[in-house]
Amino acid sequence: MDRRLTKGNIALAEGAIQAHCRYYFGYPITPQNDIPEYLSRNLPKVGGVFIPAESEIASINMVMGAAASGKRAMTSSSGPGISLMQEALSYMAGSDIPCVVVNIMRSGPGLGGIAPTQGDYSQAVHGGGHGDYHSIVLAPASVQEMFDLTIKAFELADTYRNPAMIIADAMIGQFQEPCRLTPREPVVVPDKPWALTGCKGRAPQLLKSLYLADGEQEAHNLVMKQKYDIIRDREVMYETRHLEDAELMIVAFGTPARIAKTAIENLRARGIRAGLLRPISLFPFPVHQVHDFSIRIKKILVVEMNTGQMLRDVQISAHRDSRIFFYGRPGGGVPYPDDIEAQVVAALEEA
Amino acid sequence: MNRIFQRPASLLDRPTHFCPGCTHGIAHRLIAEAIDELGIRERTIGIPGVGCCVFLYHYFPIDVLEAPHGRAPACATGMKRAQPDKIIFAYQGDGDMAAIGTSEVIHAANRGENVTVFYINNSVYGMTGGQMAPTTLLGQQTTTSPYGRDFKSEGYPIRMAEMLATLEGVCYSTRVALHTPRHVNQARKAVIKALEMQNAEMGFSVVEMLSTCNTNWRVTPLEAIDMIENEMIPYYPLGVFKERTGKDFL
């Protein structure tokens, strides 16, 4: 398979084009600017539309308009911009409008910094916007996954008529790796009979999220919950490494998972049996997988580039007898393999 | 017998949720008549904002997208770019367009998005109970300006039609009123013209309609009509502020 040295953000942008996304609306923010720059150059070549919007609020609402038309549409941003999009993300979840939103995270709170970080896990996975909803959230850990998971995100968004987010840190967005820039499987865009295309030959259609009549909103929330339960059932994605004989399981996503793989190899060379569970889908979180492995592997080390956000989901998922340790580097700090190795050794030494 | 007056085909026969005396219903009717006259119902998509305008879908047999508060011009942008052959209109109140949504409407207008905005200016937030808006007249008492709007604290009422007319992307910007038959006839022509210009791909069109909110103004419907004539029109003059005659872009 032909592979080309590609930057993470470019792989993601090319993935969007390959996924037949033809509508991109965005506002500049570091460290994701390669995405709009690439798409402003390449979308017009395939008959697509790129609009440099006046704000992230406008960007996501333009996405809503294009997506409500039945087209694949996306935007990308980082921390502060993603915060501005939460209103419309909530509206789209409530109105069953699919879209893809990319967050190449920067540290925060506030303006923060642009070094690799994972501070937006909770915002992405546990809501972000108002109301009782979930976005589907995918977390790539390589340039290839930036490409593949973007295609997957469009597919999941359309299947479930729900916003899908990709969250990655600046390391994944900015570094280069060999990448296959063709879809693994042919991309199929499903029919969207619900789209607003003018009511020629059919009854008028409506996309809305306002439910005022007694019991209407509750009924709608329960239908949404059914959808989330199906997503939890069918769409969990994760990777494992060396868990078969592990005496400690590292749980990490994105960049820390890659660093953990190096740490695990180093530890095993010293006879210390560590393994890895890497969630690829953060919503749905691999609840049952974490639980099932934790029955045998009593000790868990959660490694994140924040002060402990996915940690809560691991605590909820793991067996009640698990010993859960945490190592976090917030605010742009990136762990070294020997930092993780030291944490593993210390955890194993504890009674 | 010839029928000379009837409900437009693009307006559904439904009980109205608008208060007696409110002119939203007239605006709805004018838009429906224009859709009928231009024969565009099956390719028209409406995007209401949030407020009393939100129930657009309850009255129009057309496709409708419900936008977040103030964001209808951005939604309309995405929709029109995805479907250039459709007629896309936003329907926004003054709280929606002249307060929280100023950024979206200004930039949609400035890009010359080929969409139409119908802007209902009744000088208050109607649905939430008559709070002060950027459009509230000086001295006007509302539930959040109980001592009357004071320019020293709240600034001056904002004139959107004039402001939008300064933008190159705008092909048509006008202000009409809905309080007398003569004014309604003028408004009718403006609504048709705006949609015709969109059909001719001439750019962004906006029709501001001075509207009553007798409930929140705490007056009778007849007094509200007088207030449009004697208080609103003197500050918000009627007229055409911009009208392109062709696709004469710079």
Side-chain angles (χ1 to χ4, degrees), chain A residues 21-25 27 43 47-75 84-92 94-95 97 99 129-130 194-212, chain B residues 10 12 17 35 39-51 53-88 90 100-113 115 127:
Chain A
C21 170
R22 293 293 177 269
Y23 299 90
Y24 176 95
F25 313 97
Y27 187 89
L43 271 177
V49 172
F50 172 92
I51 298 183
E54 67 271 23
S55 70
E56 289 89 348
I57 295 175
S59 307
I60 188 73
N61 282 284
M62 290 174 191
V63 168
M64 187 187 308
S69 305
K71 310 293 187 183
R72 284 190 164 174
M74 73 175 290
T75 184
L84 285 174
M85 294 179 186
Q86 296 300 332
E87 175 199 44
L89 273 170
S90 167
Y91 272 76
M92 276 192 272
S95 310
I97 300 174
C99 69
H130 59 283
W194 50 265
L196 305 180
T197 55
C199 56
K200 191 172 173 59
R202 61 160 169 76
Q205 295 184 159
L206 167 65
L207 293 172
K208 67 156 186 168
S209 59
L210 177 69
Y211 296 96
L212 286 177
Chain B
S10 295
L12 294 167
H17 82 286
I35 291 171
I40 54 173
R41 184 182 71 84
E42 290 185 330
R43 63 185 185 98
T44 296
I45 304 170
I47 309 182
V50 172
C53 58
V54 73
F55 293 110
L56 193 80
Y57 52 82
H58 190 64
Y59 303 107
F60 287 80
I62 60 172
D63 280 6
V64 171
L65 171 66
E66 189 184 272
H69 197 25
R71 319 301 179 212
C75 293
T77 297
M79 188 166 270
K80 185 74 178 191
R81 295 299 186 104
Q83 307 184 77
D85 57 328
K86 302 291 159 43
I87 299 294
I88 313 286
I100 197 168
T102 40
S103 174
E104 284 75 20
V105 75
I106 285 172
H107 289 280
N110 192 49
R111 285 189 303 269
E113 297 295 343
V115 299
M127 188 179 250

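In what follows, chains carry the letters A, B, and so on, assigned in the order in which the sequence lines appear, proteins first and then strands, with residues in each chain numbered from 1.
When atom types are taken as modelled, the side chain of Thr44(B) and the backbone of Ile40(B) share a donor-acceptor pair closer than 3.5 angstrom. In terms of modelled atom types and a separation under 3.5 Å, the side chain of Lys208(A) and the main chain of Leu210(A) share a donor-acceptor contact.
Within the 4.5 angstrom heavy-atom criterion, atoms from both the backbone and the side chain of Leu65(B) approach chain A. When heavy atoms are compared at a cutoff of 4.5 Å, Gln83(B) approaches chain A solely by way of its side chain, counted from C-beta outward. Contact annotation for Arg111(B): only side-chain heavy atoms (C-beta onward) come within less than 4.5 Å of a heavy atom of chain A. Using a 4.5 Å cut-off between heavy atoms, Ala67(B) contacts chain A through its backbone alone, with no side-chain atom that close. Using a 4.5 Å cut-off between heavy atoms, Arg43(B) contacts chain A through its backbone alone, with no side-chain atom that close. Neither the backbone nor the side chain of Ile60(A) comes within less than 4.5 Å of any heavy atom of chain B. Proximity to chain B involves both the backbone and the side chain of Thr197(A), based on heavy atoms less than 4.5 angstrom apart.
For chain B, the option among Glu87(A), Arg22(A), Lys71(A), Gln205(A) with the highest count of heavy-atom pairs below 4.5 Å is Gln205(A). Comparing Val63(A), Leu207(A), Ile51(A), Leu196(A) by how many heavy-atom pairs each has under 4.5 Å with chain B, the most go to Leu196(A). If you tally non-hydrogen atom pairs under 4.5 Å between each of Ala203(A), Ser55(A), Ser209(A) and chain B, the highest count goes to Ser209(A).
Classified by interplanar angle (parallel below 30°, tilted 30° to 60°, perpendicular above 60°), the ring pair Tyr57(B)/Phe55(B) is perpendicular. Taking the six-membered ring where the residue is Trp, Tyr24(A) and Phe50(A) present parallel rings, their angle staying beneath 30° rather than reaching 60°.
In this structure, His17(B) has its ring center closer than 6.0 angstrom to the ring center of Tyr59(B).
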Chi angles and distances behind the side chain to side chain contact (heavy atoms under 4.5 Å, CB included) call for Met127(B), Val54(B):
CA-CA 10 Å; Met127(B) 188 179 250; Val54(B) 73; 4.1 Å; yes
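Pairing each heavy atom of Arg41(B) with each of Ser10(B), the nearest pair is CD-OG, 3.5 Å.
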